[in-house]
Amino acid sequence: MQTIYKTLQQQVQTAFPILFNESIGLHQITLNETVKDFEGDITLVVFPLLKLSKKKPEETAELIGNWLVENNPSIEKFNIIKGFLNLSFKNSFWIKTLIKTIDIPKKSDKILVEYSSPNTNKPIHLGHVRNNVLGYALSGIYKANHYTVNKVNLINDRGIHICKSMLAWQKFSNGETPESSGIKGDKLVGKYYVLFNEYYKAEISTLIEQGKSEEEAEKYAPILLEAQEMLRKWEQNDAEVVALWKMMNNWVYAGFELTYKRLGVDFDKYYYESNTYLLGKDAVEEGLKNGVFYKREDNSVWIDLTADGLDEKLVLRGDGTSVYITQDIGTADLKYSDFQMNKSIYVVGNEQDYHFKVLKLIMQKLGRVYADGIHHFSYGMVDLPSGKMKSREGTVVDADDLMDEMIQTAKEQTEALGKIETFSEEEKQQLFEIIGFGALKFFLLRVDPKKRILFDPKESIDLQGYTATFVQYTYTRTRSVLRKIENENIGTWQSSINLSETEKELLIKIYNYSIQLEISCNEMNPAKWIDYIYELAKAYNKFYNDCPILNIEDGNVRNFRIALTQKTGTLIKQALEIVGIQVPERM
RNA sequence: GGUCGCGUAGCUCAGGGGAUAGAGCAACUGCCUUCUAAGCAGUUGGUCGCACGUUCGAAUCGUGCCGCGAUCACCA
């Protein structure tokens with residue numbers, strides 16, 4: 001079954017030549033949900049049609065309205081206000097939505113989503129959480145729209161910044177390990193990264209006092225030189241350095257796994273930059289041959305993107321070593337050989353907008369078949385009232401700490417309501433996690449991805465109103481109703497029943513499920529989906545408040561309302577699962 | 001300075017050519033002897049940053065300006 005919007009569009013298109021002797025394109029036909037305060041369910045805006053109909057708005061609307069009523073048995077009547085043709089559908093049409101579902105067709109496109117992509121020198125903070133939650137949700141939305149989706153994580157596990165924490169550990173740790181200290185692996189490594197920078201800064205100050213310029217001091221601070229030396233050794237596969245690197249990275253991975261598990265995110269494949277950082281040099285060679293790149297006197301390789309409104313960009317250093325984009329060129333090829341994706345999505349912060357413009361252009365110029373499918377899913381930073389979070393300066397909201405706080409908030413507010421006395425300790429703990437993590441994810445997803453989020457650590461994330469808690473609570477309400485009739489056999493209902501406004505609104509929300517799911521996918525916007533979920537829950541709460549479900553005489557209506565309850569509950573659960581939010585059975 | 005993004009209620013955000021600009025929070029008022037009140041209903045709250053333009057119609061599109069942010073590394 002296709003959506004009523006599509007059907008109406010096609011019908012208007014069919015009717016147009018008959019009524020006005022002109023043909024019309026589907027895109028010219030705008031249909032909206034009728035706004036509140038007006039009678040009707042769906043509205044056709046006739047203004048854009050006037051040029052072709054060559055008639056007054058009211059007359060045009062009248063003719064189309066009459067034609068539709070005659071040709072579409074689902075339409076009951078219409079009214080015209082100015083240039084708006086408001087169509088009212090028969091109750092039976094909406095009631096059918098409880099049984100019939102709109103098919104979401106299977107897509108042949110393969111989607112590859114890269115997200116998370118952490119550095120192994122610092123623990124996961126709230127900004128990374130946004131990345132993870134967005135990446136997971138976006139993947140879920142594609143999956144729900146029946147695309148083939150693969151999720152990958154490209155781990156930045158090598159480079160000068162990794163050597164910094166390695167060096168600091170070597171110098172200052174006295175052999176401290178996660179086991180000996182009881183500190184989570186990624187936190188421990190992060191601690192030494194911060195330590196390095198403190199020491200580095202101190203050295204810079206000393207050097208400046210000794211009369212060096214700031215630039216010189218930054219460049220020649222002994223500890224930095226030592227880190228660079230360590231990186232050289234790593235690249236030469238020095239046994240000791242590699243062993244240290246492996247040991248510390250394994251600590252980090254163990255720590256990350258715990259956090260990923262709590263966040264509920266997962267990946268089909270992990271890429272490690274230590275394996276991919278040499279890739280891309282062949283592609284650079286290839287680009288040199290066919291004139292995409294050019295060489296400068298010092299042997300460095302460049303691409304001139306000034307014709308595309310960008311700059312000249314280095315793609316390989318004079319000494320033949322890679323820069324960031326070199327690896328990304330190679331990794332892009334690697335991804336394609338692994339997955340043959342039609343669309344390659346990079347969930348990466350908007351600070352890298354420029355970089356991804358460059359990457360896409362390069363791949364296009366290199367003639368890669370997948371280049372047009374490269375898409376940078378650019379999202380805004382999570383900022384604090386004090387400004388940007390900076391790992392190096394330790395001004396970050398740590399992911400694990402935040403999750404603990406969320407559980408604590410959920411616990412306090414849940415216990416204050418006093419509804420869970422009969423729960424076991426385990427059930428309670430589980431509930432607090434579902435509520436706390438749900439609230440956090442919802443908070444991050446409800447904002448348009450491309451906009452930045454302000455997070456004030458002093459204010460706890462809300463559990464009232466436009467929140468996951470609200471939606472979860474709505475779900476438990478449906479469960480609570482259905483639990484009461486577990487042992488009953490529920491009969492059917494007649495589609496001729498009278499519908500209240502509230503019931504109809506809920507039915508329309510239910511009907512919109514797959515429409516909204518598709519829109520959220522096409523616009524790549526999980527926030528749209530979150531908004532729909534909230535509206536669905538809101539509509540059920542109003543229904544729950546206005547309409548008795550079980551306590552009514554009329555068995556027909558009772559069965560219908562039970563079915564509404566079942567359907568809403570199922571959809572809420574599904575809808576939240578798509579974006580990685582769980583529901584409790586009671587709360 | 002160049003490029004990109006953002007600016008809507010006291011706060012956090014929807015709406016991105018179509019009707020009288022919507023939610024949540026905060027404040028205030030009602031609704032639990034009836035299916036879970038983490039709920040429902042209502043009141044208060046707006047120069048949609050400013051100006052000009054395009055259009056039957058602009059918060060939405062264009063241009064200019066103002067404010068905030070990011071980016072313009074042989075860092076990643």
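We name chains A, B, ... by the order of the sequence lines, and we start the count at 1 in each one.
In this structure, the ring of A/F543 has its center less than 6.0 angstrom from the ring center of A/Y540. A/F442 and A/Y466 have their aromatic ring centers within a separation under 6.0 angstrom. For A/F377 and A/Y346, the ring centers sit 6.0 Å or farther from each other.
For the pair A/K484 and B/U36, the criterion of a side-chain N or O lying under 4.0 Å from OP1 or OP2 is met. Phosphate contact (OP1/OP2 of B/A41, side-chain N/O of A/K542, threshold under 4.0 Å): present.
One side chain, A/N512 or A/E33, offers a donor N or O that lies under 3.5 Å from an acceptor on the other. Between the side chains of A/N131 and A/Y379, at least one donor-acceptor pair of N or O atoms lies under 3.5 Å. In this structure, a donor-acceptor pair under 3.5 Å is absent between the side chains of A/T409 and A/E412.
Between the side chain of A/D319 and the base of B/C74, no donor-acceptor pair under 3.5 Å is found. If you check distances only, the side chain of A/N121 never reaches the base of B/A76 with a donor-acceptor pair under 3.5 Å.
Closest approach to the A/K528 side chain among B/G15, B/A76, B/A19 is made by B/G15 (side chain taken as heavy atoms from C-beta onward). Relative to the side chain of A/K451, the nucleotides B/A19, B/C6, B/G39 differ in distance, and B/C6 lies closest. Listed nucleotides: B/A70, B/C35, B/C72. Nearest to the side chain of A/D311: B/C72. Of the candidates B/U36, B/A76, B/C25, the closest approach to any side-chain atom of A/Q464 belongs to B/C25. The side chain of A/L314 sits closest to B/C74 out of B/C74, B/C72, B/G5. Which of B/A37, B/C56, B/C40 sits closest to the side chain of A/R477 comes down to B/A37. Distance from the side chain of A/N156 is smallest for B/A76 among the nucleotides B/A76, B/C75, B/A19. Taking every side-chain heavy atom of A/N119 into account, B/A76 is the closest of B/A76, B/U36, B/G18. Nearest nucleotide to the A/Y473 side chain, out of B/U36, B/A19, B/A76: B/U36.
Among the protein residues, A/S378 comes within range of no part of the nucleic acid, since none of its heavy atoms lies under 4.0 Å from any strand. Among the atoms of the strands shown, base atoms are found under 4.0 Å from some heavy atom of A/T414. A/R446 comes within contact range of at least one nucleobase, with a heavy-atom separation under 4.0 Å. Nucleic acid contact class of A/M587 (heavy atoms, under 4.0 Å, all strands): base. Residue A/Y354 is classed as a sugar-phosphate contact, given heavy-atom separations below 4.0 Å to backbone atoms only. Backbone-only contact: A/V481 has heavy atoms under 4.0 Å from sugar-phosphate atoms and none from a base. Residue contacts shown for A/N86 include a base, since a base heavy atom lies under 4.0 Å away. Residue contacts shown for A/E535 are absent, as no nucleic acid heavy atom lies under 4.0 Å away. A/D383 comes within contact range of no nucleotide atom at all, as no heavy-atom separation falls under 4.0 Å. Across all strands, A/I435 comes closer than 4.0 Å to base atoms (heavy-atom distances). If you check every strand for non-hydrogen atoms under 4.0 Å, A/F470 touches sugar and phosphate atoms only. Nucleic acid contact class of A/Y534 (heavy atoms, under 4.0 Å, all strands): sugar-phosphate only. Nucleic acid contact for A/P48: base, since at least one base atom lies under 4.0 Å from a heavy atom of the residue.
Taking the P atom of each, B/A51 and B/A41 are spaced 37 Å apart, rounded to whole Å. Atom name P, nucleotides B/G39 and B/C25: the rounded distance is 7 Å, in whole Å. Atom name C1', nucleotides B/U63 and B/A23: the rounded distance is 33 Å, in whole Å. Atom C1' of B/C52 sits at a distance of 30 Å from the matching atom of B/C13, rounded to the whole Å. One P atom belongs to B/C61, the other to B/A27, and the distance between them is 36 Å to the nearest Å. Taking atom P in both B/C68 and B/A21, one finds a spacing of 31 Å when rounded to whole Å. Between B/G49 and B/C74, the two C1' atoms lie 41 Å apart (nearest whole Å). Rounded to whole Å, the C1' atom of B/U43 lies 38 Å from the corresponding atom of B/G5.
Centre separation under 5.5 Å together with a plane angle under 30° holds for the ring of A/F84 and the six-membered base ring of B/A19, marking them as stacked.
For A/H355, the ring-ring contact (aromatic ring centres under 6.0 Å, His included) partners two or more places apart in sequence, or in a different chain, are A/Y324.
In a base pair of the Watson-Crick type (N1 to N3 plus N6-O4 or O6-N4) or a G-U wobble (N1-O2 and O6-N3), with each distance short of 3.5 Å, B/C28 is matched with B/G42. In this structure B/G64 sits in a base pair with B/C50, meeting the Watson-Crick or G-U test at under 3.5 Å. In this structure B/A37 sits in no base pair that meets the Watson-Crick or G-U test at under 3.5 Å. Pair assignment for B/G1 gives B/C72, based on Watson-Crick or G-U wobble hydrogen-bonding distances that are each under 3.5 Å. In this structure, B/A23 forms a base pair with B/U12, meeting either the Watson-Crick or the G-U wobble geometry with both donor-acceptor distances under 3.5 Å.
When the options A/N153, A/D157, A/D186, A/L154 are evaluated for a side-chain contact (heavy atoms from CB on, under 4.5 Å) with A/P118, the one that passes is A/N153.
With the nearest nucleotide of RNA chain B identified for both A/T474 and A/V35, A/V35 has the one nearer the 5' end.
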